[in-house]
2 protein chains.
Amino acid sequence: MKKMNEAITLEFEELNSELVDVFNNVMWIEEAALKQSDFSDITLKDMHTIDAISMYSEKSASQVAKMIHLTPSAMTTAIDKLVDKGYVERRRSNTDRRVVRLGLTHKGRVVYRAHQGFHRDLAHNLLKDMQPTEIAAVKRAIHNLVCYLANVIKQ
Amino acid sequence: MKKMNEAITLEFEELNSELVDVFNNVMWIEEAALKQSDFSDITLKDMHTIDAISMYSEKSASQVAKMIHLTPSAMTTAIDKLVDKGYVERRRSNTDRRVVRLGLTHKGRVVYRAHQGFHRDLAHNLLKDMQPTEIAAVKRAIHNLVCYLANVIKQ
DNA sequence: AAAATTAGTTTGACTATCGAAATAAATCGT
DNA sequence: ACGATTTATTTCGATAGTCAAACTAATTTT
């Protein structure tokens, strides 16, 4: 174990604890915000499904399932619900009639944009009142994290 | 709508998308890591319960329930499971025999420390190869986020 | 000491999820 | 071109997590 400067250790623990705080709370806050919104009939998980389907490229049901780590069967029922509620459309592919192409309805696109807005607010508030050099540092840190997580996945 | 420098806008979108990536993946990675570990009999939610109970202060069941946004009834069944599996202990308080004080068993403390280690790794990798001034910037950014989220909760 | 409050548990209904089997369409080997 | 295999999705049955409401027991208020 490396001997560390005490002040730095303390700094680190403070950061760590705030980081834990963010991770533990973001999901819950997002869920709660959704419940109070005009789209209270969907959960955050539904929202992530909608996000994975997203605006433009038409993905197949199993592609979306993989993206959000759901089994195909769970995907089917999730889509059923979102189709019933009018957020998502199922279209059988013309070139391969086994695959189901998923797309957002108008309502789906509205809620997708609203959710993107939420994330944009998060990012804006992360960078609140920061200088370009500081912003660069933050960006690098987030990138570090993304790379680290990507590595963890690979193993 | 404010007119923005295009390069800065692009920078921002890149950061935003990585941020979304982190939020979407951390939970899943944590869950997967847990499944492959020696503690595959608990879920990430169980882990958060254990984390809320934590090492030292003896909290009541309802205090823990509030911390992790669970109803008392859900808390009861969650604790039942963790008691069965040997991670948590229930003790009726002596001063007020309605309240249940929760504590970690030896096994519970081991898994708690392991989980803390996971979070510490995250924080270390966030700050990988960064200078003190950069670290300060990152810290301020995370703090911004914590404050923003705290405000969202209040409304 | 009766009524109200508080902490936690039990019960019943509902939802999400998974894995296995079923279905249906495409492709491969001959 | 035909049957066998593979692929994409769905259906079904089982399990687990959640909530709200009813309930029990302990404590506090009046």
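If you're wondering where the values come from, they're calculated on a predicted model, not measured in any experiment. Order of the sequence lines sets the chain letters (A, B, ...), proteins ahead of strands, with each chain counted from 1.
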Could you state the atom-to-atom distance from [atom1] of [X] to [atom2] of [N] in whole Å?
X: B/K45; N: D/dA16; atom1: NZ; atom2: P; answer: 15 Å
X: A/L44; N: D/dG17; atom1: CG; atom2: P; answer: 19 Å
X: A/E31; N: C/dA16; atom1: CD; atom2: P; answer: 11 Å
X: B/D80; N: C/dT9; atom1: CG; atom2: P; answer: 7 Å
X: A/M75; N: D/dT11; atom1: CE; atom2: P; answer: 15 Å
X: A/I68; N: C/dA16; atom1: CD1; atom2: C1'; answer: 12 Å
X: B/L102; N: C/dT9; atom1: CG; atom2: C1'; answer: 14 Å
X: A/R90; N: D/dT10; atom1: CZ; atom2: P; answer: 4 Å

Determine the contact category for B/S93: base if any of its heavy atoms lies under 4.0 Å from a base atom, sugar-phosphate if only primed atoms, P, OP1 or OP2 are that close, otherwise nothing. nothing

Examine the side chains of B/D46 and B/T49 and answer whether a donor and an acceptor come within less than 3.5 Å of each other. no

Side-chain heavy-atom pair A/V100, A/R92 within 4.5 angstrom cut-off: yes

Between B/K59 and B/A52, what is the shortest heavy-atom contact and its length? NZ-O, 2.9 Å

Check if the side chain of [X] and the base of [N] share a donor-acceptor pair of N or O atoms closer than 3.5 Å.
X: B/T76; N: C/dG8; value: no
X: A/R98; N: D/dT7; value: yes
X: B/T77; N: D/dA16; value: no

Of the options [options], whose atoms approach the side-chain atoms of [X] most closely?
X: A/S73; options: C/dT9, D/dT11, D/dT18; value: D/dT11
X: A/P72; options: D/dT18, D/dA26, D/dT9; value: D/dT9
X: A/S60; options: D/dT9, D/dA26, C/dA26; value: D/dT9

State whether A/R120 and B/E13 are salt-bridged, where the test is any N-O pair (Lys NZ or Arg NE/NH1/NH2 against Asp/Glu carboxylate O) under 4.0 Å. yes

Taking atom NE2 as the centre, does A/H69 end up with more than 12 heavy-atom neighbours from other residues, nucleotides or ligands that are less than 6.0 angstrom away? yes

Does C/dG8 have its OP1 or OP2 closer than 4.0 Å to a side-chain nitrogen or oxygen of B/S62? yes

Below 4.0 angstrom from OP1 or OP2 of C/dA16, is there any side-chain N or O of A/K81? yes

